[in-house]
Number of protein chains: 2
Amino acid sequence: MTEPSEARERVLQAAAKLFSARGYNAVTVKDIASEAGIHHASLYHHAPNGKEGLFVEVTARTLTQHRDGIAAAVAQYNPDLRRQLSAIAAWLIDQPPLDMIRLIYSDLPAVKPDSAEYLTLLAFESMLVPVAQVLEEASVRGEIAHHDLGSIAGALFSSIESLHTLPDAYLTRPRQAMAEDIIDVFIAGMTPR
Amino acid sequence: MTEPSEARERVLQAAAKLFSARGYNAVTVKDIASEAGIHHASLYHHAPNGKEGLFVEVTARTLTQHRDGIAAAVAQYNPDLRRQLSAIAAWLIDQPPLDMIRLIYSDLPAVKPDSAEYLTLLAFESMLVPVAQVLEEASVRGEIAHHDLGSIAGALFSSIESLHTLPDAYLTRPRQAMAEDIIDVFIAGMTPR
DNA sequence: GTCTATATAAAGATAGAC
DNA sequence: GTCTATCTTTATATAGAC
């Protein structure tokens with residue numbers, strides 16, 4: 001669609017950063033251009049479809065990166081469930097927050113229905129499905145009891161993701177340490193006794 | 001500040017509903033007025049501080065209602081931890097989604113710093129602290145092992161809240177049933193063996 | 001590829017009649 | 001308490017020079 005270039009990449013990264021931090025509606029085209037170090041009119045040279053096209057493109061890219069990051073964590077520590085989940089948590093904590101509720105209820109209603117549907121599907125396939133799969137494999141190995149793994153995967157994912165919420169005042173320990181505690185509880189809770 | 005009246009209450013409820021569903025930035029004053037069945041200029045009669053004042057007022061009210069709803073659930077089933085958590089979940093599922101990440105990262109940056117600080121504090125005191133307290137009391141009774149109960153409370157809260165995210169296509173069972181499963185895992189995971 | 005200038009539309013808000 | 005009319009500001013987007 002548009003030529004790759006160093007400047008375009010700066011725009012995409014600025015957009016990804018700001019959209020991810022504040023959501024579609026709280027970010028202006030000027031914010032993005034300013035973050036990328038160019039005039040906001042210049043942005044349309046790199047993003048002919050404007051704000052909406054930019055959002056769809058960088059959100060898809062962010063989701064794909066999450067999918068790949070999670071897949072790498074899963075592959076690296078296979079078949080050690082605890083290490084797999086810790087590595088997924090480390091990845092999620094290292095990335096900007098990915099607020100699925102905001103994405104679905106606030107951001108996506110502002111874009112074309114086709115794009116919204118595409119991103120919704122991509123989000124679930126990138127986040128929930130891989131986590132559920134890791135649990136499923138551990139279940140097949142007999143390490144955890146059979147639960148509704150979709151529900152549990154969602155709970156685990158949002159538990160880790162919510163660590164981003166904590167303002168520093170409430171952050172008594174490193175987020176990764178909190179994540180380990182949460183993972184411990186989940187694993188213990190699913191382990192047959 | 002402003003006289004209570006049936007019309008003003010309609011405005012507040014419309015604002016609460018829309019802000020809660022889509023967030024501060026995705027809702028316009030016209031949306032709220034339209035939902036309340038009045039012209040948008042009339043809205044300023046009931047809300048002299050405009051959109052921002054309206055948001056702060058209804059968000060505080062929503063948070064306070066959540067605090068009270070959780071407190072009622074806790075009191076009703078004291079000292080039965082599982083029933084307490086189920087009742088909290090039932091309350092949260094029955095209410096519109098309360099997205100803390102969106103509130104803190106997307107909505108609050110748009111309001112005056114004083115208001116933002118006030119709402120941040122109120123949010124944590126209304127949601128996380130009560131849930132942590134229920135866990136703490138169960139811990140004192142010896143029913144669950146000592147964990148970082150702040151982390152676990154946050155995980156539990158966001159796990160339940162994330163059930164709102166699931167589009168109907170992914171909703172194979174009632175949300176309350178999923179919540180029960182999640183609560184089971186949390187309790188089992190914290191129970192000393 | 002970036003800028004200045006400008007067009008267009010939408011949003012928040014106020015004044016004043018009824 | 002509600003409306004019509006209007007004002008001001010901001011946002012998205014385009015045209016065209018350099």
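In what follows, every heavy atom counts, from backbone to side chain, and hydrogens, waters and symmetry copies are set aside. A note on names: the letters A, B, ... follow the listed sequences, proteins ahead of strands, and every chain is numbered from 1.
Between B/Phe55 and B/Phe19, the ring-plane angle classifies as perpendicular under the 30° and 60° cut-offs.
The side chain of B/Val29 has C/dG12 as its nearest neighbour among C/dG12, D/dA11, C/dC3. Listed nucleotides D/dA15, C/dG1, C/dT14 differ in distance to A/Ala41; the shortest reach to its side chain belongs to D/dA15. Comparing D/dT4, C/dT2, D/dT2 against the side chain of B/His46 picks out D/dT2 as the nearest. Each of D/dT12, C/dT14, C/dT2 was ranked by its minimum atom distance to the side chain of A/Ile38; first place goes to C/dT2.
The nearest whole Å value for the distance from the CZ atom in A/Arg8 to the P atom in C/dG1 is 10 Å. Straight-line distance from the NZ atom of A/Lys51 to the P atom of C/dA10: 14 Å, rounded to whole Å. One interatomic measurement links the two molecules: CD of A/Glu52 to C1' of D/dA11, which rounds to 15 Å at whole-angstrom precision. Here the C1' atom of nucleotide D/dT4 and the NZ atom of B/Lys30 are 12 Å apart, to the nearest Å. Note: CG (B/Asn25) to P (C/dA10) measures 18 Å, nearest angstrom. Remark: P of C/dA13 and CD1 of B/Ile32 are 10 Å apart, rounded to the nearest angstrom. Atoms CG (B/Leu43) and P (C/dA11) sit 14 Å apart, rounded to a whole Å. Between B/Leu18 atom CG and C/dA11 atom C1' there is a gap of 16 Å when expressed in whole angstrom units.
Proximity of a side-chain donor or acceptor of A/Tyr105 to a complementary backbone N or O of B/His164 within less than 3.5 Å is detected.
OP1 and OP2 of D/dT2 both lie 4.0 Å or more from every side-chain N or O belonging to B/His39. The phosphate of D/dT14 has neither OP1 nor OP2 within less than 4.0 Å of any side-chain N or O from A/Tyr44. Contact between the side-chain N/O atoms of B/Ser5 and the OP1/OP2 oxygens of D/dG1 is found at a separation under 4.0 Å. Distances shown here put every side-chain N or O of B/His40 at or beyond 4.0 Å from the OP1 or OP2 atom of D/dC3. Contact annotation: B/Ser42 side-chain N/O to D/dC3 OP1/OP2 distance is under 4.0 Å.
For the 3.5 Å distance criterion, the side chains of B/Asp31 and B/Ser34 fail to qualify, holding no donor opposite an acceptor. B/Ser158 and A/Ser158 are not linked by any side-chain donor-acceptor pair at a separation below 3.5 angstrom, with hydrogens and angles left out of the test.
Across all strands shown, A/Val11 has no heavy atoms under 4.0 Å from either base or sugar-phosphate atoms. As judged by a 4.0 angstrom heavy-atom cut-off over every strand, A/Ala7 is placed among residues touching the sugar-phosphate backbone only.
Counting only heavy atoms from C-beta outward, the side chains of B/Glu143 and B/Pro79 never approach each other to under 4.5 Å.
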